[in-house]
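Here the structure is laid out as structure tokens; the discussion comes afterwards.
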Amino acid sequence: MSIQKDNGAHTNVEFWDAQWNQRSAYGGIASKLRSADFGEKGAFLRVLNRHAPGLFATARLVELGGASSRFAIDLAKFAQCDVTIVDNSEVGIEISKQLFSRENVEINTIFGDMFDLEELDETFDIVTHWGLMEHFEDPGLIFDISARLLKPGGHLVYSMPNMAAAGARLWKLHAPGNFSAHIFHSDEALDRAAIASGFETQKIFHFGVPLVRMAPAEQNRLSARVADGVHASLLAAQLISPAIWTSGHHKIASTRAFILKKTR
């Protein structure tokens with residue numbers, strides 16, 4: 001199956017090159033505050049063990065849009081997954097290789113368009129993406145490529161920012177450019193598209209710190225600095241209690257996530 005390149009994406013390679021260049025400059029306190037998300041006892045694996053116990057153990061897995069993925073590292077290290085990441089940002093792939101080397105983990109990297117992976121059709125037990133679906137007008141495109149890559153009976157596990165949270169208004173106010181690169185898809189619209197691509201939705205859940213900040217502020221406002229401070233405090237709470245934000249309300253939590261099974 002071929003998919004035209006004009007696929008309704010709200011981002012492009014230049015957008016992601018800039019994002020990865022910006023993020024590679026982050027460090028210090030920001031990295032320390034995010035450290036509770038990852039690792040053997042981190043929030044990410046706690047969430048997966050809560051909602052998908054045993055699903056990832058030793059699975060062959062591909063992460064779409066997986067540049068610089070801490071998720072991939074944890075799944076390779078602690079769930080013994082055979083992990084491949086795919087990304088069309090050369091900057092992102094190079095950063096990924098450096099990161100994986102520092103973490104002493106073997107993860108396959110593919111620099112290229114995820115829609116051009118026919119040689120990998122039906123070779124994976126699990127497809128993941130953590131913040132990809134919301135960049136496309138038509139979620140069916142992502143469901144189609146995910147189904148194509150999965151073995152019969154395989155699973156798709158993905159997440160996206162919770163744009164239905166009350167705090168999304170602050171995201172739009174403080175980072176309108178970044179916000180405009182994201183599209184809200186309702187649970188009902190996602191389920192219809194998933195069924196059309198041969199999936200059954202098994203679970204929908206929410207987790208993550210309460211949403212008050214999703215991207216760096218694009219304007220120097222006092223309210224943005226206040227949001228930064230609140231966000232840092234919420235992350236700091238997770239350092240003290242790693243399980244604190246592993247579940248959440250759909251109007252508060254920063255992340256919504258989905259588990260689907262390929263049925264045909």
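What you see below is based on every heavy atom in this structure, not just the backbone, and it leaves out hydrogens, waters and symmetry mates. Counting from 1, the numbers follow the sequence of the chain as shown.
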**Request:** Determine, step by step, whether Leu173 and Phe179 satisfy the side-chain contact (heavy atoms from CB on, under 4.5 Å) criterion, reporting the C-alpha distance in whole Å, the side-chain angles of both residues, the deciding distance to 0.1 Å, and the verdict.
**Result:** CA-CA 9 Å; Leu173 173 66; Phe179 184 86; over 6 Å; no
**Request:** Go through Val47 and Phe205 one step at a time and tell me if the side-chain contact (heavy atoms from CB on, under 4.5 Å) criterion holds.
**Result:** CA-CA 10 Å; Val47 167; Phe205 55 98; 3.6 Å; yes
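Taking all atoms of both residues into account, the shortest heavy-atom contact from Ala175 to Ala215 is CB-CB, 4.1 Å. Smallest separation of non-hydrogen atoms from Gly66 and Asp87: N-OD2, 3.5 Å. Residue Ala72 comes nearest to Val83 through the heavy atom pair CB-CG1, 3.8 Å, listed as atom of the first residue, atom of the second, then distance. Taking both residues in full, the closest heavy atoms of Leu55 and Ile126 are given as O-CD1, 3.6 Å, listed atom of the first, atom of the second, then distance. Between Phe111 and Asn88, the closest heavy-atom pair is CE1-O, 3.4 Å. Ser146 and Leu156 get closest at one heavy-atom pair: OG-CD1, 3.8 Å.
Distance check, rounded to the nearest 0.5 Å: CD1 of Ile142 to CZ of Phe136 gives 4.0 Å. Considering CG of Leu234 and CG of Leu239, their distance stands at 11.5 Å, rounded to 0.5 Å. If you take CZ on Phe44 and CH2 on Trp130, they are separated by 4.0 Å, rounding to the nearest 0.5 Å. Here the CG atom belonging to Leu117 is positioned 6.5 Å from the CZ atom belonging to Arg148, to the nearest 0.5 angstrom. Taken to the nearest 0.5 Å, the SG atom of Cys81 stands 12.0 Å off from the CZ atom of Phe124. Note that the CG atom of Asp125 and the CG atom of Leu149 stand 12.0 Å from one another [nearest 0.5 Å].
Leu45 places a side-chain heavy atom less than 4.5 Å from the side chain of Phe78. When side chains are defined from C-beta on, Leu170 does not count as touching Met214, because their heavy atoms never get closer than 4.5 Å. Looking at heavy atoms from C-beta onward, Val226 lies out of side-chain contact with Val212 at the 4.5 angstrom threshold.
Sorted by first then second residue, the salt bridge (charged side-chain N to carboxylate O under 4.0 Å, His left out) pairs that include residues 252-264, not counting sequence neighbours, are Glu122-Lys262, Asp187-Arg256. For residues 217-228, the pairs satisfying salt bridge (charged side-chain N to carboxylate O under 4.0 Å, His left out) are Arg213-Asp228, with sequence neighbours left out. Listed by first and then second residue, the side-chain hydrogen bond (donor to acceptor under 3.5 Å, both in side chains) pairs that reach into residues 166-176 are Trp171-Asn178, His174-Ser223, sequence neighbours excluded. Evaluation of the salt bridge (charged side-chain N to carboxylate O under 4.0 Å, His left out) test over residues 235-251, restricted to residues two or more places apart or in two chains, returns none. Within the structure, the side-chain hydrogen bond (donor to acceptor under 3.5 Å, both in side chains) test picks out the following pairs touching residues 43-65 (sequence neighbours left out): Arg50-Thr246, Arg60-Thr123, Glu63-Ser69.
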Review item, side-chain donor-acceptor pairs of residues 189-201, under 3.5 Å, at least two apart:
residue, atom, partner, partner atom, Å
Asp191, OD1, Thr201, OG1, 2.9
Ser197, OG, Asp144, OD1, 2.6
Ser197, OG, Ala193, O, 3.3

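Considering only residues two or more places apart in sequence or on other chains, Ala57 meets the side-chain contact (heavy atoms from CB on, under 4.5 Å) condition with none of them. Partners of Lys203 under the salt bridge (Lys or Arg N to Asp or Glu O under 4.0 Å) rule, at least two apart in sequence or in another chain, do not exist in this structure. The ring pair (Phe, Tyr, Trp, His ring centres under 6.0 Å) test applied to His129 returns Tyr158, not counting sequence neighbours. Under the salt bridge (Lys or Arg N to Asp or Glu O under 4.0 Å) criterion, Lys97 pairs with Glu94, sequence neighbours left out. Under the side-chain contact (heavy atoms from CB on, under 4.5 Å) criterion, Val105 pairs with Ile73, Ala76, Lys77, Phe100, Glu103, Ile107, not counting sequence neighbours.
Hydrophobic clustering of Ile, Leu, Val, Met, Phe, Trp and Tyr side chains at less than 4.5 Å, counting indirect connections, unites Met133 with Phe115. Linking Ile, Leu, Val, Met, Phe, Trp and Tyr whenever their side-chain heavy atoms come within less than 4.5 Å puts Phe143 and Leu120 in one cluster. Hydrophobic cluster membership differs between Ile204 and Met163, with clusters built from Ile, Leu, Val, Met, Phe, Trp and Tyr side chains linked at under 4.5 angstrom. Phe258 and Leu211 fall into different hydrophobic clusters, defined by Ile, Leu, Val, Met, Phe, Trp and Tyr side-chain heavy atoms under 4.5 Å apart, directly or through other members.
Side chain of Ser101 to main chain of Gln98: no donor-acceptor pair is present (N/O by atom type, distance under 3.5 Å, no hydrogens or angles). Using a distance-only test at 3.5 Å, with no hydrogens or angles considered, a donor-acceptor pair links the side chain of Glu134 to the main chain of Leu132. In this structure a side-chain-to-backbone donor-acceptor pair under 3.5 Å is present from His135 to Ala181. Ser254 contributes a side-chain N or O that, together with a main-chain N or O of Val209, makes up a donor-acceptor pair within less than 3.5 Å.
In this structure, Lys41 places its NZ atom where only 12 or fewer heavy-atom neighbours from other residues, nucleotides or ligands lie under 6.0 Å away.
Ile252 belongs to no hydrophobic cluster, as no Ile, Leu, Val, Met, Phe, Trp or Tyr side chain comes under 4.5 Å of its own.
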